[in-house]
Amino acid sequence: MMRETEPMHWNTKRGLWFATRYDDVALVLRDHENFSSAQYNIDKPHMTERPVDGERYQAFKGPTMVTTEPPEHTRLRKGSAPAFSTRGLKRLKDRVEDIADRLLNQVEGNEGMDAIADYAYPLPVYAIGELLGVPHEDQDEFLALALADKGSPAHDPNATKETLERTAAHGRRLRDFVEDVIEKKRKQPGDDLISSLLVSQQEDNLTHAEMIDTIHLMMEAGHITTVNLIGNGLDVLLDRPEDMEWLRNDPDLATSAVQECLRYVGPVQFTGRTAIKDTVLGGQLIKAGESVIPLMPAANRDPLQFADPEEFRIDRKPNRHLGVGIGIHVCIGAALARLETEIAFTKLLSRFPNLRRAGEAEWNTSFELRGRTALPVAFR
Ligand code: HEM
């Protein structure tokens with residue numbers, strides 16, 4: 001409704017602009033010279049006015065590629081790029097297939113599973129472990145650490161002192177673990193992300209702290225996003241048996257199927273930018289210092305860009321959705337997330353031809369990262 005009646009909407013309560021049209025969303029994401037990621041700030045009073053004190057677990061201590069603009073952004077992003085290149089992903093493909101198989105082996109004797117807890121949730125953690133280059137003998141510890149106390153309670157206004165302390169201790173264990181892996185890679189480099197960040201230390205003056213922040217960033221940005229893409233996509237497919245059959249018989253369809261999931265049920269609902277100087281967007285004057293929240297799902301169903309936008313079309317082409325952003329901040333992990341989801345779908349369908357829904361999905365309560373927290377399926 002907003003997109004049709006007031007595509008650039010000023011929200012008085014929060015003092016923010018919301019952009020909903022495809023062209024406006026794409027423009028604000030692309031135009032990093034006028035709209036900066038560095039200062040975007042949604043007012044979250046509970047982050048500053050906390051009812052309880054306690055050491056916060058903060059994954060990132062300093063600026064990352066997400067919150068900088070060139071030339072800093074270029075420097076901070078460069079060291080990660082090789083791990084996500086075509087060559088890097090080729091290395092990961094077999095590993096992700098193994099991960100999917102291992103997870104399905106664990107449930108194959110059962111009547112069914114929770115497709116989130118048993119499959120979609122652990123799969124990306126193992127995949128990030130492979131991306132980073134976590135040695136095989138340490139992967140179970142990595143999984144345990146990455147899964148424990150997920151969801152930083154620093155964001156929860158009601159978090160108790162105990163919770164905050166437990167999370168802080170957990171944060172310290174995770175940091176120690178990451179330091180250990182870095183030391184191992186320093187002695188024995190591979191073709192993984194941590195090894196290429198070590199090269200970037202030499203070539204781009206990436207500091208140790210920036211390297212640690214980048215690793216934490218990948219763990220945060222690459223987990224629940226991908227869980228939600230797999231979960232949201234499966235939930236859609238389970239209601240469309242013909243599409244599931246088509247995909248089972250033609251695994252090449254997985255590429256467009258996953259792109260359509262990113263458009264139709266993409267996990268990331270919004271990001272944010274702040275105008276550096278007075279700029280006109282969608283016919284509205286955005287004053288310097290004002291923030292714009294581009295709502296990607298609204299753009300992804302804009303009829304001016306997509307034919308029959310409310311329809312899920314598994315073979316949709318072209319499909320220039322904005323589910324992973326666009327411009328210099330476009331998701332660096334998008335190809336990995338798509339690969340994981342393609343493999344998750346095709347493995348599940350080929351190994352369990354009787355796959356069907358066994359109950360309604362449960363949803364998370366996040367406005368930012370929309371996804372399912374439980375999805376019961378049967379396959380006997
Ligand atoms: C389905 C899964 C994913 C979705 C929907 C997603 C979505 C996004 C979006 C929309 C952005 C742009 C944010 C902006 O412009 O402000 C972004 C950036 C980013 N994503 Fe993802 N992402 C996913 C998976 C991943 C994975 C697997 C990784 C890493 C392992 C990752 C790492 C990042 C990083 C580091 C950035 C910041 C890039 C920059 O600012 O230069 N993401 N992602």
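Order of listing sets the numbers, starting from 1, for every ligand and every atom in it.
A salt bridge links Lys93 to Glu97: at least one charged side-chain nitrogen sits closer than 4.0 Å to a carboxylate oxygen. A salt bridge links Arg351 with Asp101: at least one charged nitrogen is closer than 4.0 Å to a carboxylate oxygen.
Using a 4.0 Å cutoff on heavy atoms, Gly323 counts as a contact of ligand 1. Contact between Thr214 and ligand 1 is absent, with no heavy atom of the residue lying under 4.0 Å from the ligand.
At a 3.5 angstrom cut-off on N or O pairs, His73 counts as close to ligand 1.
Around atom 21 (Fe) of ligand 1, the protein atoms of type N, O or S that sit closer than 2.8 Å are Cys331 SG.
Evaluation of the side chain to side chain contact (heavy atoms under 4.5 Å, CB included) rule for Pro303 yields Arg3, Pro309 as partners, not counting sequence neighbours.
For the pair Asn232 (side chain) and Arg370 (backbone), a donor-acceptor distance under 3.5 Å is present.
Among all non-hydrogen protein atoms, the one lying nearest atom 15 (O) of ligand 1 is Arg273 NH2, 2.8 Å. The protein heavy atom nearest to atom 37 (C) of ligand 1 is Val66 CG2, 3.5 Å. For atom 12 (C) of ligand 1, the nearest non-hydrogen atom of the protein is His329 O, 3.5 Å. With respect to atom 29 (C) of ligand 1, the closest heavy atom belonging to the protein is Met218 SD, 3.7 Å.
For ligand 1 and Met296, the ligand atoms under 4.0 Å from any heavy atom of the residue are 10 (C). Ligand 1 places these atoms under 4.0 Å from at least one heavy atom of Arg77: 38 (C), 39 (C), 41 (O). The atoms of ligand 1 that sit less than 4.0 Å from any heavy atom of Ile328 are 41 (O). Close approach of ligand 1 to Leu217 is summarised as follows: ligand atoms under 4.0 Å from at least one heavy atom of the residue are 35 (C). Against a heavy-atom cut-off of under 4.0 Å, Leu229 is close to the following atoms of ligand 1: 1 (C).
In this pair, His9 and Phe18 present their aromatic rings tilted. The plane angle is within the 30 to 60° band.
Taking the side chain as every heavy atom from C-beta outward, Leu197 and Lys185 never approach each other to under 4.5 Å. Within the 4.5 Å cutoff, the side chain of Met218 has heavy atoms near those of the Phe84 side chain. Looking at His329 and Val66, their side chains never come closer than 4.5 Å, going by heavy atoms from C-beta outward. Side-chain atoms of Thr341 and Leu262, non-hydrogen and from C-beta on, never get closer than 4.5 Å to each other.
With 3.5 Å as the limit, one finds no donor-acceptor pair spanning the side chains of Asp118 and Gln106.
Each of Ser37, Ser291, Ser36 was checked for a side chain to side chain donor-acceptor pair (under 3.5 Å) with Thr274, and the lone residue meeting it is Ser291.
Considering Thr271, Thr226, Val28 only, the shortest heavy-atom separation from atom 16 (O) of ligand 1 involves Thr271.
For Gln188, the CD atom sits in a loose shell: 12 or fewer heavy atoms of surrounding residues, nucleotides or ligands are nearer than 6.0 Å.
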